[in-house]
2 protein chains.
Amino acid sequence: MTASPSASSDMASSRIFETLKQDLIRGRFAAGEKLAISALKDHYRVGLSPLREALNRLAAYGLLEQVNQRGFRVPAMELEELDDIAGLRAQLECMALTQAFQAGDSEWESQVLAAHHRLRRADEHPEQVEEWEQAHLRFHRALLASCGSHWLLRFIEQLHDQFDRYRRLAPPNPAVRKALDRQHGELVELALSRDIRAARALLDDHIRLSHSVARGCCESPASDDDT
Amino acid sequence: MTASPSASSDMASSRIFETLKQDLIRGRFAAGEKLAISALKDHYRVGLSPLREALNRLAAYGLLEQVNQRGFRVPAMELEELDDIAGLRAQLECMALTQAFQAGDSEWESQVLAAHHRLRRADEHPEQVEEWEQAHLRFHRALLASCGSHWLLRFIEQLHDQFDRYRRLAPPNPAVRKALDRQHGELVELALSRDIRAARALLDDHIRLSHSVARGCCESPASDDDT
DNA sequence: TTGAATAAAAAAATCGATTTTATTGAGATG
DNA sequence: CATCTCAATAAAATCGATTTTTTTATTCAA
């Protein structure tokens, strides 16, 4: 482990929080599923207290729902919500992009370039899915990092996690991946040239494309008992 | 049960969460203060487990900060952050307002009128601060409720709570209160006439006014040891 | 006097057990 | 046959005690 600095120094509740968060985003649990706390306890080899604290944090974050005296459940996945998440994500990220372009200095440019380079490297190993996912997340983070608004970045991160829950349902598609990657490259160029208008349009397209892919995959399970 | 559905049926951790949340927003704890868990336990008469779960949720919500093995602390209050919160709040609320005006039906209009009426009633009793605060929050909620985006409303609520932490520091000011209340009335009229442009400008002013008042109060303590 | 090392105290985090609440299913009743 | 009651079971929530970590206080050497 080179990249993650504070993995072993964190307390148990933080570790299990991160692990559970990733597993939820990766779709390891079925949507709507009720979490059996003692089963989680055994599976993740953690005590009850750290586990419950992590579950509470995840509920506050929106990756779990807490029902009064009935424990925790994985939120249902609905087409309507995906549209909401994607639409708002596009708006907020365009907002942040504008501010990032206006405030970004050369250090920001360097970080964007570096993150893009790592993303391209990760692209060379399609079998290492999680590596690419992390590089992808970090690229988008780097692009908006200089926007100056702590809270805007926080909300965007939250929406990104929510969006990924849906996006990750879709099977890998090389053609789409290729198109998205071209857009990443173009975004870097537009960042360096500070072309706000073009970059906004491109980022909007970028999210729209991911959205439509996720949408196609989200529809099918819902229409099972509906058509 | 008509008005307060799940007040007494909630479990202890939810009750203490709400109580602590209100106390944090009301400024009962000093900014930057470290929370002594066992003191809280005694003060609120709750057990350790529900208390810790509530603290974890509040940290995920952004009303507390958790330091690795060092417990919880109240976030510092900085002018810079207030500006961030107010600016983003204005942008997100204007966004929601536009969508609310476009999607709002007559039921929404009724709820806005009802909430405004309750706010005016609460205004008649300036000594009951909390009543007014609740009515005020509910009015702004009602105004945006029909915007159609669950996640946008969620973020706006979160920002509102953060903003109130700052706003509540300022001493009551009848003149300001009067100006704000006039704006509430004008917002209702513009909602009924669906004048999006004017309403956006007014809401922006509304937040800007609150912001400048809070700003004036936030500056003084910071400049104590700085000038 | 300062500063590192260490012991004592306090606080946070975690564990195991208990209490409370929801769920299930068998038997009674209409 | 459906529905209701009530015990039995399972699960969630909470408690009290223990373990781990940090903070404070103290000692001793430079």
Side-chain angles (χ1 to χ4, degrees), chain A residues 1 4-21 23-24 28-76, chain B residues 1 4-21 23-24 28-76:
Chain A
M1 282 288 176
S4 53
S6 55
S8 57
S9 70
D10 278 350
M11 47 194 188
S13 65
S14 299
R15 280 202 309 273
I16 184 61
F17 171 83
E18 286 299 333
T19 307
L20 260 172
K21 180 179 165 186
D23 284 350
L24 285 163
R28 280 207 178 196
F29 300 94
E33 178 184 351
K34 181 175 184 245
L35 295 185
I37 295 190
S38 69
L40 291 179
K41 193 172 78 76
D42 297 341
H43 180 65
Y44 292 105
R45 312 289 185 77
V46 287
L48 206 58
S49 310
L51 176 58
R52 285 192 60 91
E53 292 187 9
L55 293 173
N56 273 279
R57 282 200 252 172
L58 286 164
Y61 190 67
L63 280 171
L64 284 179
E65 284 169 2
Q66 188 164 25
V67 200
N68 213 340
Q69 303 265 15
R70 242 159 280 184
F72 298 84
R73 63 174 62 253
V74 181
Chain B
M1 281 292 175
S4 57
S6 54
S8 58
S9 70
D10 277 352
M11 46 195 189
S13 65
S14 298
R15 279 203 309 274
I16 185 62
F17 171 83
E18 286 300 333
T19 308
L20 258 171
K21 180 180 165 186
D23 285 350
L24 284 162
R28 280 207 178 195
F29 301 94
E33 178 184 352
K34 180 174 184 245
L35 294 185
I37 295 190
S38 68
L40 292 179
K41 192 172 79 76
D42 297 341
H43 179 65
Y44 292 105
R45 312 287 184 80
V46 287
L48 206 57
S49 310
L51 176 58
R52 285 192 60 91
E53 292 187 10
L55 293 173
N56 273 280
R57 283 199 251 172
L58 286 164
Y61 189 69
L63 279 172
L64 284 179
E65 285 170 1
Q66 187 165 25
V67 200
N68 214 339
Q69 302 265 18
R70 242 157 277 183
F72 298 84
R73 63 174 63 254
V74 182

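Quantities reported herein were computed from a predicted structural model and do not represent experimental measurements. A, B, ... follow the sequence lines: proteins, then strands. Residue 1 opens every chain.
- Side-chain contact between B:L55 and B:I37 is present, with at least one heavy-atom pair separated by less than 4.5 Å.
- In terms of heavy-atom proximity, B:V67 sits nearest to B:R73 at CG2-NE, 3.7 Å.
- Inter-residue side-chain proximity for B:M11 and B:S14 is flagged as met; some heavy-atom pair is nearer than 4.5 Å.
- Nearest heavy atoms, A:K41 versus A:L48: CD-CD1, 3.7 Å.
- Considering every non-hydrogen atom in both B:F72 and B:A59, the closest pair reads CE2-CB, 4.2 Å.
- The stretch residues 33-55 of chain A touches DNA chain C through A:G47, A:L48, A:S49, A:P50, each having a heavy atom under 4.0 angstrom from the strand.
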Pairs: protein N or O with nucleotides 5-8 of chain D N or O, under 3.5 Å:
none

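- Between A:L40 and the options A:I16, A:L35, A:D23, a side chain to side chain contact (heavy atoms under 4.5 Å, CB included) holds for only A:L35.
- You can see that DNA chain C meets the heavy atoms of chain B within a 4.0 Å-exclusive cut from C:dA11 to C:dT14, reading 5' to 3'.
- Aromatic ring orientation, A:F17 versus A:Y61: perpendicular (interplanar angle above 60°, classes split at 30° and 60°).
- In summary, the side chains of B:R57 and B:S13 do present a donor paired with an acceptor at a separation below 3.5 Å, with no hydrogens or angles considered.
- In terms of heavy atoms, A:K21 sits closest to A:L63 at CG-CD1, 3.7 Å.
- Protein atom CZ of A:R70 is 15 Å distant from nucleotide atom P of D:dA11, rounded to whole Å.
- Side-chain contact check for A:L20 versus A:L51: some heavy-atom pair is nearer than 4.5 Å.
- Between A:S14 and A:Q69, it is A:S14 whose nearest contact on DNA chain C lies nearer the 5' terminus.
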